[in-house]
Amino acid sequence: MTSTDRNTGPDRSAGPASGEERGAERRPGATAGPPPRPPLPRRAAERLLAFARRPYRDRPDPSYRIRRWPDLTALCCATVFFWSSLTPSLVPRPWYLQGLVGGITAVIGYALGSGLGWLCRTVAPWRQPDRLRTRCWQAYWLLSPVLAVWFISESARMQRQLRVLQGLPPSLTWHTPMIALIALGLLLAALLVARAVRLGSATLIRQLGRLMPRPAAYAVGAVVSALLVLVGVRDIVFDRGVVDIADRIAEAANDGTKDGIRRPASRLASGGPGSLIPWEDLGFQGRNFAGSTPTRATLTAWTGRPARDPVRVYIPSALPAAFQDESPFAAQARLAVRELDRTGAFDRAVLAVAGTTGTGWVDPNVAEALEYMYEGDTAIVAVQYSYLPSWVSFLVDKEKAGQATRALLDAVRARLDSLPAGHRPRLVVTGESLGAYAVEASFDSADDLLASTDGALLLGAPDFSPISREIRRDRDPGSPVWRPQYRGGAHIRFAQFPETDLARPPAAWAHPRAVYLQNASDPVVWWSPDLLLDKPAWLDEPLGPDITPEITWFPFVAFWQTSVDMAVSYGVDAPHGHRYGAGAVDGWAAVLPPPGWTTADTTRLRAFIAHRAAAY
């Protein structure tokens, strides 16, 4: 045997091989494989134990922007903000909107906590020991899930109490896991977007650093990144996204007609025979308003006395070509006066100018209460300045509401001034929600409103309405903001329960009168950007009659809670939330009652309007 044979031959000194080894030797191409992996449950348990010992991860490289562990300070702030969002607000909200507001406020809390952590590390650079860091993370993972479940369960209890307070059944569906998952999903999505923006900014600054000094690269990169984010959010996401989608949906809806609505047979309603505005051009809300005009026969059957066909005039935002000019609001006002002249509106006992909401809606309870009260001897005129939902109108063209209504009022008053003093109808104004703002924006002050009209009935006026804000600011000492008393109640009074509220104070109530129907729990009335950082006066003691004492104010959280409340403010019954029901009957009876009108008449008409409203 050669030396080569001796070197490559089998090593018999190692002893006999095992059966498995001999089998491997017999199989051509067989190699020694990795050791067998432990079972899956064991591997999961080992990983969980390792995570419990060190429940966080360090970045492999400082350049990692997206794949890095959350900041503990920011996560704690996000969790606290989420917990605070579980407190009740103005109206009961469903579980999925609770998840939404919880996620939004958690994002805000994370951003604030992240900024606070960065500031502390910049001012006092200190790296906490690994042992302390581990203990803090362990405490967070141990306490936060338990407390989150407890807080969500408590929020369900508080929501049930609020439902009882506002006349709703206490039963409530409250999906605790889904609330937490929705909030967590929103937080993770926002965190991913924010880190992607940060990564893009760092990449841009690095590329600019090759062309200019580093300080200039940082400055230019930060400015360019901020502009890109601003333009992307405002112009692409909002204007071309949210607003454009809302505009298309609203435009399509404006071309439709509500079921059961037909073209009026009366010549005294816009869109009817002889009308200057074709039925097809009135828009969705215009057709609803004109097509639901009560007939003389209907009014006579209710009053028991001969009635008249009411006048209803509605001017759409899209005018017929023959009436268009460079000033659309002035053109609408001129057309409205011509239509009022055509229908004989200036010969009626009462002429009401109604402010409309963003879509052009006029509350049928307000219109019908006045018409039934005056046995049809009325005329109501309204103009549409937009077909967008009120929240979109508020964001993009809120000023149009006041401009259109002021132009209409100026034209109507000019026509009234041309009539003999003893042959003019009494002029009243009315509006609900954004329509109330449209009316208020048409006057310079509360004194101007009273001096220019014979009365006003305004419902759910938003916080930004100028006259409402003036009244709440200058209210008599001792009166709460949700039921302000203004100058002793001599001309202006607020009510949530008008049967009793309008009788206070007991002092004499002079004409002209203005009645505000304002629910203490109406989020439309109280929503304001000031809620972000300032505690509102409507949370001061005493609270409103339908506000739970467990309501709290927390920076940023209260703003988003109230914003979400607006979306569900119609989910309660009147007089709660943004629902005013048949309260307009008491309002008109207080503002401008017809001769011989009694309290019994008000009670009967209120029951009738409430029954009709339930059928809508």
note = Between Pro536 and Trp553, the two heavy atoms sitting closest are CD-CD1, 3.6 Å

key: Donor-acceptor contact present, side-chain Arg475 to main-chain Gln485, <3.5 Å   = no

request  = With rounding to the nearest 0.5 Å, note down the distance linking CD1 in Ile551 to CG in Leu539.
outcome  = 5.0 Å

query = Quick one: salt bridge (charged side-chain N to carboxylate O under 4.0 Å, His left out) partners of Arg133, sequence neighbours excluded?
reply = Asp58

Side-chain donor/acceptor of Asp565 to backbone N/O of Arg93, under 3.5 Å = no

query = Between Asp546 and Gln496, is any pair of side-chain heavy atoms under 4.5 Å apart?
reply = yes

inquiry  = Would you say that Asp463 contacts Ser468 through its side chain, given a criterion of any heavy-atom pair below 4.5 Å between the two side chains?
reply    = no

ask   = So how far is it from Leu187 CG to Ile104 CD1, rounded to the nearest 0.5 Å?
value = 12.0 Å

Sub-4.5 Å side-chain heavy-atom contact between Tyr486 and Ser479 = no

query = Roughly how far, to the nearest 0.5 Å, is CD of Gln98 from CD1 of Ile182?
reply = 9.5 Å

request  = Check whether any side-chain heavy atom of Tyr110 sits under 4.5 Å from a side-chain heavy atom of Leu75, and report yes or no.
outcome  = yes

Sidechain-backbone polar pair: Glu550 side chain, Gln159 backbone, donor-acceptor under 3.5 Å = no

task = Taking all heavy atoms of Leu97 and all of Val564, pick out the closest pair and write down the distance.
result = CB-CG1, 3.7 Å

ask   = Considering all heavy atoms of both residues, which atom of Ala610 and which atom of Ala582 are nearest to each other, and what is their separation?
value = N-CB, 3.8 Å

query = Are any side-chain N or O atoms of Ser225 and backbone N or O atoms of Ala222, one a donor and one an acceptor, separated by less than 3.5 Å?
reply = no

key: Verdict with supporting geometry, Phe82 and Ile179, side-chain contact (heavy atoms from CB on, under 4.5 Å)   = CA-CA 10 Å; Phe82 170 71; Ile179 291 173; 4.3 Å; yes

inquiry  = Within this structure, what is the CG-CZ distance for the pair Asn519 and Phe494, rounded to the nearest 0.5 Å?
reply    = 12.5 Å

inquiry  = Taking atom CZ as the centre, does Arg157 end up with more than 12 heavy-atom neighbours from other residues, nucleotides or ligands that are less than 6.0 angstrom away?
reply    = yes

key: Ser84 versus Gln561, closest heavy-atom pair with distance   = O-NE2, 3.8 Å

request  = List the steps, then state whether side-chain contact (heavy atoms from CB on, under 4.5 Å) holds for Met212 with Val220.
outcome  = CA-CA 10 Å; Met212 59 184 69; Val220 173; 4.2 Å; yes

ask   = Between Arg214 (side chain) and Gly209 (backbone), is there a donor-acceptor pair under 3.5 Å?
value = no

inquiry  = I'd like to know whether OH of Tyr96 has more than 12 heavy-atom contacts from other residues, nucleotides or ligands below 6.0 angstrom.
reply    = no

query = Donor-acceptor pair, Ser521 side chain versus Gly577 backbone, under 3.5 Å?
reply = yes

query = Does any non-hydrogen side-chain atom of Tyr140 lie less than 4.5 Å from one of Leu72?
reply = yes

ask   = Are His578 and Asp522 linked by a side-chain donor-acceptor pair shorter than 3.5 Å?
value = yes

key: Minimal non-hydrogen separation, Thr79 against Ser144, with atom names   = CG2-CB, 4.4 Å

key: For Arg483, salt bridge (charged side-chain N to carboxylate O under 4.0 Å, His left out) partners two or more places apart   = Asp501

CZ/Phe151: more than 12 non-hydrogen atoms of other groups inside 6.0 Å = yes

ask   = Side chain of Trp482, backbone of Pro542: donor and acceptor closer than 3.5 Å?
value = yes

task = Could you tell me how the ring of Phe559 sits relative to the ring of Trp527: parallel (under 30°), tilted (30 to 60°) or perpendicular (over 60°)?
result = tilted

query = Backbone N or O of Ala111 within a donor-acceptor pair of the Ser114 side chain at under 3.5 Å?
reply = no

ask   = Is the closest side-chain heavy-atom distance between Ile471 and Ile467 below 4.5 Å?
value = yes

inquiry  = With heavy-atom distances below 4.5 Å as the criterion, would you say the side chains of Tyr218 and Pro215 are in contact?
reply    = no

For Leu112, all residues meeting side-chain contact (heavy atoms from CB on, under 4.5 Å), sequence neighbours excluded = Phe81, Ile108, Phe556

message = Would you compute the distance between atom OG of Ser89 and atom CE of Met158 and round it to the nearest 0.5 angstrom?
response = 10.5 Å

query = Should Val91 and Gln166 be marked as a side-chain contact (heavy atoms from CB on, under 4.5 Å) after you check the CA-CA gap, both sets of side-chain angles, and the distance that decides it?
reply = CA-CA 8 Å; Val91 292; Gln166 298 189 1; 3.9 Å; yes

Spatial distance of atom OG1 (Thr359) from atom CD (Gln285) [nearest 0.5 Å] = 4.0 Å

query = Is there side-chain contact between Pro92 and Val568, with heavy atoms separated by less than 4.5 Å?
reply = no

ask   = Is there a donor-acceptor pair under 3.5 Å between the side chain of Tyr437 and the backbone N or O of Gly355?
value = no

request  = Show your reasoning for whether side chain to side chain donor-acceptor pair (under 3.5 Å) applies to Ser155 and Trp174.
outcome  = CA-CA 9 Å; Ser155 70; Trp174 205 246; 2.8 Å; yes

ask   = Of the non-hydrogen atoms in Thr357 and Ser433, which two are nearest, and what is the gap between them?
value = CG2-CB, 4.4 Å

request  = Please report the C-alpha distance between Leu90 and Trp538 in whole Å, then the side-chain angles of each, then the deciding distance to 0.1 Å, and finally whether the side-chain contact (heavy atoms from CB on, under 4.5 Å) criterion is met.
outcome  = CA-CA 10 Å; Leu90 290 169; Trp538 48 269; 3.5 Å; yes

ask   = For residues Arg472 and Gln518, is any side-chain donor paired with an opposing acceptor at under 3.5 Å?
value = yes

